[in-house]
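Mind looking over this structure? Questions follow.
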Amino acid sequence: MMIPDTKDWTWVLERPCTECGLDTPSVGFERIPGMVRANAASWTGLLAGDPAALRERPRPEVWSALEYACHVRDVFRRCDARLALMLTEDTPMFANWDQDATAVEERYGEQDPATVSVELAAAAEQFARSLEAAPDAARPRAGVRSDGARFTVESFARYVLHDPVHHRYDVTGEQHQGS
């Protein structure tokens with residue numbers, strides 16, 4: 001049984017993550033699209049492994065590598081849509097997203113790793129392009145998560161970057177190198 005992650009991860013905007021090694025506050029906005037692409041490429045490599053092994057959970061309450069990859073794909077998709085709202089609306093409120101319910105409803109553990117790999121890479125590329133297309137003047141634009149957490153385009157980009165980096169660490173145990 002999965003135990004929902006209720007931790008408020010916004011602290012990664014203030015200090016480095018000692019678990020995954022990403023120093024999110026030190027990452028310049030201009031570097032984020034390239035880091036998103038590099039992270040997606042690392043998932044592509046991971047998803048090329050044995051499908052049965054990718055579906056195995058290390059413990060019943062911990063997602064498998066495939067489930068994490070599906071989540072990362074969906075993070076890029078959802079966050080690209082949220083970024084679009086931030087760029088076109090005044091301080092949009094983001095609908096709540098129950099990640100654990102999505103994992104069950106979408107049957108993450110049963111999806112085809114090759115398909116997930118292609119979809120994850122496409123979603124990451126779209127998010128990276130959206131960040132690149134955001135004008136400098138739009139970086140202070142804001143959006144608010146359902147729990148009240150407020151982001152600017154710039155802080156949102158950093159926050160989103162941490163998620164796939166951290167989940168790669170969850171799967172591989174390898175810390176992010178460099179900032």
Side-chain angles (χ1 to χ4, degrees), residues 5 7 9-51 53-55 57-58 62-84 86 94 97 99-100 102-103 106 108-109 111-134 139 143 145 149 151-179:
D5 181 1
K7 187 189 294 185
W9 286 92
T10 56
W11 62 265
V12 301
L13 296 171
E14 299 166 5
R15 62 186 184 275
C17 180
T18 57
E19 290 179 39
C20 73
L22 181 63
D23 184 3
T24 310
S26 74
V27 177
F29 184 85
E30 300 78 16
R31 293 185 47 224
I32 296 173
M35 293 176 75
V36 164
R37 289 181 178 109
N39 179 269
S42 74
W43 283 101
T44 299
L46 288 169
L47 290 168
D50 173 36
L54 292 168
R55 288 185 173 86
R57 287 186 167 184
V62 177
W63 278 349
S64 68
L66 178 58
E67 290 169 311
Y68 273 117
C70 290
H71 169 72
V72 167
R73 173 201 60 205
D74 290 352
V75 164
F76 284 133
R77 287 174 172 171
R78 182 165 302 270
C79 290
D80 189 60
R82 289 179 174 184
L83 176 62
M86 293 173 78
F94 305 139
W97 179 35
Q99 303 164 81
D100 296 306
T102 301
E106 298 294 322
Y108 280 180
Q111 293 190 24
D112 175 52
T115 301
V116 172
S117 179
V118 170
E119 292 172 347
L120 188 154
E125 181 61 28
Q126 178 57 53
F127 184 64
R129 287 182 182 187
S130 294
L131 290 172
E132 289 170 335
R139 290 185 193 172
R145 200 169 56 190
F151 298 93
T152 63
V153 167
E154 191 156 354
S155 68
F156 183 69
R158 285 189 182 95
Y159 178 77
V160 173
L161 174 65
H162 175 261
D163 194 83
V165 169
H166 195 95
H167 290 319
R168 185 179 185 289
Y169 164 77
D170 288 332
V171 170
T172 67
E174 298 171 10
Q175 283 198 322
H176 176 77
Q177 299 300 311
S179 54

Roughly how far, to the nearest 0.5 Å, is the NE2 atom of H166 from the CG atom of N39?
12.5 Å
Spacing of CZ belonging to R15 relative to OG belonging to S26, to within rounding of 0.5 Å
14.5 Å
Kindly list each side-chain donor-acceptor pair under 3.5 angstrom involving residues 68-77, sequence neighbours excluded, with atom names and distances?
residue, atom, partner, partner atom, Å
H71, NE2, Q99, OE1, 3.2
H71, NE2, D163, OD2, 3.4
H71, NE2, H167, NE2, 3.4
R73, NH1, Q111, OE1, 2.8
R73, NH1, E119, OE1, 2.8
R73, NH2, Q111, OE1, 3.4
D74, OD2, Y108, OH, 2.5

I'd like to know if E67 and R57 make a salt bridge, using a cut-off of under 4.0 Å between side-chain N and carboxylate O.
yes
Between T24 and L161, is the side chain to side chain contact (heavy atoms under 4.5 Å, CB included) condition met? List the steps.
CA-CA 8 Å; T24 310; L161 174 65; 5.7 Å; no
Side chains of W43 and S117 only: does a donor on one sit below 3.5 Å from an acceptor on the other?
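S117 and W43 do not have a side-chain donor-acceptor pair below 3.5 Å.
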Nearest heavy-atom neighbours spanning A65 and V171:
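Smallest heavy-atom distance, with atoms named: CB-CG1, 3.7 Å.
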Do you know the tightest heavy-atom contact between T10 and R145?
CG2-NH2, 3.6 Å
If you take all heavy atoms of L47 and P113, which pair is closest and at what distance?
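Of all heavy-atom pairs spanning L47 and P113, the closest is O-CB, 3.8 Å.
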Among side-chain atoms of R168 and S42, is any donor-acceptor pair under 3.5 angstrom?
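Side chains of R168 and S42: pair found under 3.5 Å.
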Does Q126 reach the main-chain N or O of A121 with its side chain, forming a donor-acceptor pair under 3.5 Å?
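Between the backbone of A121 and the side chain of Q126 there is no qualifying donor-acceptor contact (under 3.5 Å).
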Quick one, E19 with Y169, criterion side chain to side chain contact (heavy atoms under 4.5 Å, CB included). Give me CA distance, side-chain angles, the key distance, then yes/no.
CA-CA 8 Å; E19 290 179 39; Y169 164 77; 3.9 Å; yes
Got a second to check how far L66's CG is from D112's CG, nearest 0.5 Å?
8.5 Å
Heavy-atom distance under 4.5 Å between the side chains of L46 and T172, does that happen here?
yes
Step by step, work out the side chain to side chain contact (heavy atoms under 4.5 Å, CB included) result for M35 and L22.
CA-CA 11 Å; M35 293 176 75; L22 181 63; 3.9 Å; yes
Apply side chain to side chain contact (heavy atoms under 4.5 Å, CB included) to residues W63 and D170 and explain how you reach the verdict.
CA-CA 9 Å; W63 278 349; D170 288 332; over 6 Å; no
Does the salt bridge (charged side-chain N to carboxylate O under 4.0 Å, His left out) test come out yes or no for R31 and E154, once each step is laid out?
CA-CA 11 Å; R31 293 185 47 224; E154 191 156 354; over 6 Å; no
Closest contact, heavy atoms only, F156 versus R82
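Heavy atoms only, the tightest pair is CZ-CB, 3.8 Å.
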To the closest 0.5 Å, what do you measure between CD (E125) and OG (S130)?
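Rounded to the nearest 0.5 Å, the CD-OG separation comes out at 9.5 Å.
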Heavy-atom side-chain proximity of H162 to C17 below 4.5 angstrom
yes
Between P16 and P25, what is the shortest heavy-atom contact and its length?
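Here P16 and P25 meet closest at N-CD, 4.3 Å.
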Could you pull out all residues at least two apart from E132 that satisfy side chain to side chain donor-acceptor pair (under 3.5 Å)?
R37
Does some side-chain heavy atom of R129 sit less than 4.5 Å from a side-chain heavy atom of P33?
no
Minimum heavy-atom distance V36-A124, with the two atoms named
CG1-O, 3.5 Å
Applying ring-ring contact (aromatic ring centres under 6.0 Å, His included) between Y159 and each of W11, F94, W9, F151, report the one that passes.
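Only one option passes, and that is F151.
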